[in-house]
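Scope of the values below: all heavy atoms of this structure, side chains included, with no hydrogens, waters or symmetry mates.
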Amino acid sequence: MPHVNVFDTTLRDGEQSPGVNINKLEKLEIAKHLERFGVDIMEAGFPASSQGDFEAVKAVADTVKNASVTGLARAKKSDIDTAWEALKGASEPRLHIFLATSPIHMTYKLKKTPEEVAQQAVEMVKYAREKFPHVEWSAEDATRSDMDFLVNIIERVIDAGATVINLPDTVGYATPQEYGRLFKTVRERVPNIDRVQLSAHCHNDLGMAVANTIAAVENGATQVEGTINGIGERAGNAALEELAVALNIRKDQYPYTTNLVLKEIKRTSDVVSKLTGMVVPGNKAVVGRNAFAHESGIHQDGVLKNASTYEIITPALVGVESNNLVLGKHSGRRAFKDKVEQLGYELSDEKLNEAFKTFKSLTDRKKEVTAEDLATILTDIQTAVTNVKKYELHAFQVQYGSSNLPTATVALHTPEGEHVETARTGQGSVESLYNTLEALMEEKINLTDFQLNSVGKGRDALADVYVKMYVNGEDVSGRGTAQDVLEASARAFLNAVNRYLFNKSHEPKKAAQL
């Protein structure tokens, strides 16, 4: 069976989703989950875009050993040099260069002739190969490019040393038939195409990213690119979990293999969702909360008699456990450590002690701690803002009633070590709490988004709050988890402000679209 390599760009294209802003620790945590998921290539970011992204890419490259780590670069020597400095510590470093090839991009964006674009692509691929053993070259907006020009430039960059040719559907415009025909034509007309891998990178603007990617594989693509949960620019990218399961379930139609470990899908999806703040819709294929739920009486009856009547995917295949109970009040440190390792988390002794303490505190208030609860605790501890003077919540109280004006009283420790407290009102309990927190801070804060979700089910489920805000004009996000909704809300607010304090010395992030 032909093998297909999987190129994950969650940490680059996925991170460019509007409103997503993940830091180095969060990228590292996602990278570790992607490594367990079994991706072949991991695009860790765009090193030349900012000092923060450079450091994050370098950290991923120095940590991940079971996947080839790559970074994005424009067709510029400075981008290539910066990428090499970030990636040279990887076990198998590679570079991903992109340059637009469609008439509309060359004319209005690049302001270059087709021959100038071709020369630039050739020169930069040659330069990159002096450093990198693997160079992927992407023809940005390939699906709207002139075929004769595309064939010519691909042949030339292969001769220059490219090892992978990527043909992106950058604006999600192609249909499966058109996209498949593009790959078929390139394979037929480019004389040296057998020297490289062909890669498919699809956006989901018309909802056809996964179908287009499969059409490319059917027509000779040997590498697929996508993101976890399909996140990315605009409507997102091809969802890798959907591709993986489609290739597995429909082996009769798609006789291809990958190195993906399907049972890691749900866990990886949950971590990406939590750290990006992008909630997975309930009806999302493969990983949505309703993916294995049956409301219809006829469906329920059929599933009880034989699950295959209405379930083509078993929950266990993608890592959804039917019995999620893992630990309780009397569970000891050894059992806790074993479960942490089973969930795939690597904690230092200091963080393990902190996690165990948090777990024990939770068991005093929650009878049964599930794998979801534990994963939330561990993710929070692994990605906590440290080594920075920050705001710390000392105490808070909110008075609320249907006939009273909500009032919050908050006591904080400031980054300067002072103890401050005050009270404010609001139209609701969360607003009064946030008004009070803002009054205690020097920073100018503008809240732009507030999301509340539960971790698991039941009245004692943990509350998970995600916020977006501008702090002194900088766009940041924050997360907070607690059994109490208001405590989780306060923690999310403080987490966002503290992330601003941590990041304020870094350069602003610049986005690049592919």
Side-chain angles (χ1 to χ4, degrees), residues 19 21 274-275 277 279 354 357-358 361-362 364-366 373 376-377 379-381 383-386 388-456 458-504:
N21 185 5
K274 179 176 176 60
L275 294 181
V279 178
E354 184 182 351
K357 182 178 177 181
T358 303
S361 175
L362 182 59
D364 288 336
R365 306 187 303 274
K366 196 173 189 289
D373 295 328
T376 297
I377 292 172
T379 303
D380 284 345
I381 287 174
T383 59
V385 174
T386 57
V388 63
K389 292 181 179 180
K390 58 185 179 180
Y391 290 100
E392 295 182 5
L393 183 65
H394 177 68
F396 77 94
Q397 181 176 335
V398 178
Q399 294 178 313
Y400 176 81
S402 59
S403 57
N404 298 323
L405 186 65
T407 305
T409 304
V410 177
L412 284 182
H413 294 301
T414 70
E416 292 74 29
E418 298 179 5
H419 178 89
V420 294
E421 56 182 80
T422 192
R424 290 291 188 277
T425 60
Q427 294 304 308
S429 53
V430 173
E431 185 184 14
S432 65
L433 178 61
Y434 281 8
N435 286 344
T436 310
L437 286 167
E438 185 175 358
L440 292 171
M441 297 176 173
E442 296 180 357
E443 292 73 22
K444 183 178 180 181
I445 298 166
N446 178 28
L447 182 71
T448 58
D449 192 20
F450 176 93
Q451 298 176 24
L452 171 64
N453 297 284
S454 66
V455 178
R459 65 179 64 187
D460 63 348
L462 292 175
D464 191 49
V465 172
Y466 176 85
V467 298
K468 283 176 55 184
M469 59 176 68
Y470 285 99
V471 181
N472 287 344
E474 182 177 321
D475 187 16
V476 294
S477 59
R479 303 182 315 277
T481 306
Q483 268 199 298
D484 179 74
V485 170
L486 292 178
E487 182 180 351
S489 301
R491 292 186 182 279
F493 191 100
L494 291 172
N495 180 250
V497 177
N498 288 333
R499 284 179 58 148
Y500 162 77
L501 296 177
F502 183 80
N503 294 330
K504 66 179 181 179

Given Glu443, which of Tyr500, Tyr391, Tyr470 fulfils the side-chain hydrogen bond (donor to acceptor under 3.5 Å, both in side chains) condition?
Tyr391
Heavy-atom side-chain proximity of Val455 to Lys274 below 4.5 angstrom:
no
Side chain proximity check, Leu462 to Leu362, heavy atoms < 4.5 angstrom:
yes
Who are the side-chain contact (heavy atoms from CB on, under 4.5 Å) partners of Val279, not counting sequence neighbours?
Gln451, Asn453
Does the side chain of Thr383 come under 3.5 Å of the side chain of Arg479 through a donor N or O and an acceptor N or O?
yes
What one should report as the nearest heavy-atom pair of Lys468 and Asp475 is CE-OD1, 4.3 Å
Considering only heavy atoms from C-beta outward, does the side chain of Leu393 approach that of Leu412 to under 4.5 Å?
yes
I'd like to check the side-chain contact (heavy atoms from CB on, under 4.5 Å) partners of Arg459; sequence neighbours left out, ordered by chain and number.
none
For residues Ala411 and His419, report the shortest heavy-atom separation together with the two atoms involved.
CB-CE1, 3.8 Å
Answer yes or no: is there a donor N or O on one side and an acceptor on the other, between the side chain of Thr436 and the main chain of Arg424, under 3.5 Å?
yes
Aromatic rings Tyr434 and Phe493: how do their planes relate, parallel, tilted or perpendicular, breaks at 30° and 60°?
tilted
Does any N or O in the side chain of Ser489 come within less than 3.5 Å of the main-chain N or O of Val485, such that one atom is a donor and the other an acceptor?
yes
Donor-acceptor pair, side chain of Asp464 and main chain of Ser454, under 3.5 angstrom
no
Partner of Thr481 under side-chain contact (heavy atoms from CB on, under 4.5 Å), chosen from Asp380, Ile377, Val465:
Asp380
Rounded distance [0.5 Å steps], CE in Met469 versus CD in Glu474:
12.5 Å
Gap between atom CD of Glu438 and atom CG of Asn446 - 0.5 Å precision:
8.0 Å
Do His394 and Glu392 have side-chain atoms, one donor and one acceptor, less than 3.5 Å apart?
no
For Glu442, does the CD atom have more than 12 heavy-atom neighbours from other residues, nucleotides or ligands under 6.0 Å away?
no
Quick check against the 3.5 Å criterion: does Gln483 have a side-chain atom that pairs as donor or acceptor with the backbone of Asp460?
yes
Scanning both residues in full, the closest heavy-atom pair of Asp484 with Glu487 reads OD2-N, 2.9 Å
To the nearest 0.5 Å, what is the distance between CG on Leu405 and OH on Tyr400?
10.5 Å
Side-chain heavy-atom pair Thr425, Asn435 within 4.5 angstrom cut-off
no
Using a 3.5 Å distance criterion without hydrogens, assess whether the side chain of Thr379 forms a donor-acceptor pair with backbone atoms of Thr376.
no
Nearest heavy-atom pair of Glu354 and Ile381: which atoms, and what distance?
C-CD1, 3.8 Å
Would you name the heavy atoms of Val467 and Ala496 that are closest together and state the gap between them?
CG2-CB, 4.1 Å
Is the side chain of Glu431 donor-acceptor paired with the backbone N or O of Gln427 at a distance under 3.5 Å, no angle test?
yes
Looking at Gln399, is its backbone amide N or carbonyl O close enough to the side chain of Asn404 to form a donor-acceptor pair, meaning the two atoms are under 3.5 Å apart?
no
Closest heavy-atom contact between Pro406 and Ser432?
O-CB, 3.7 Å
At what distance, to the nearest 0.5 angstrom, does OG1 of Thr422 lie from CG of Leu437?
11.0 Å
Are Leu494 and Met441 packed together at the side-chain level, in the sense that at least one heavy-atom pair is separated by less than 4.5 angstrom?
yes
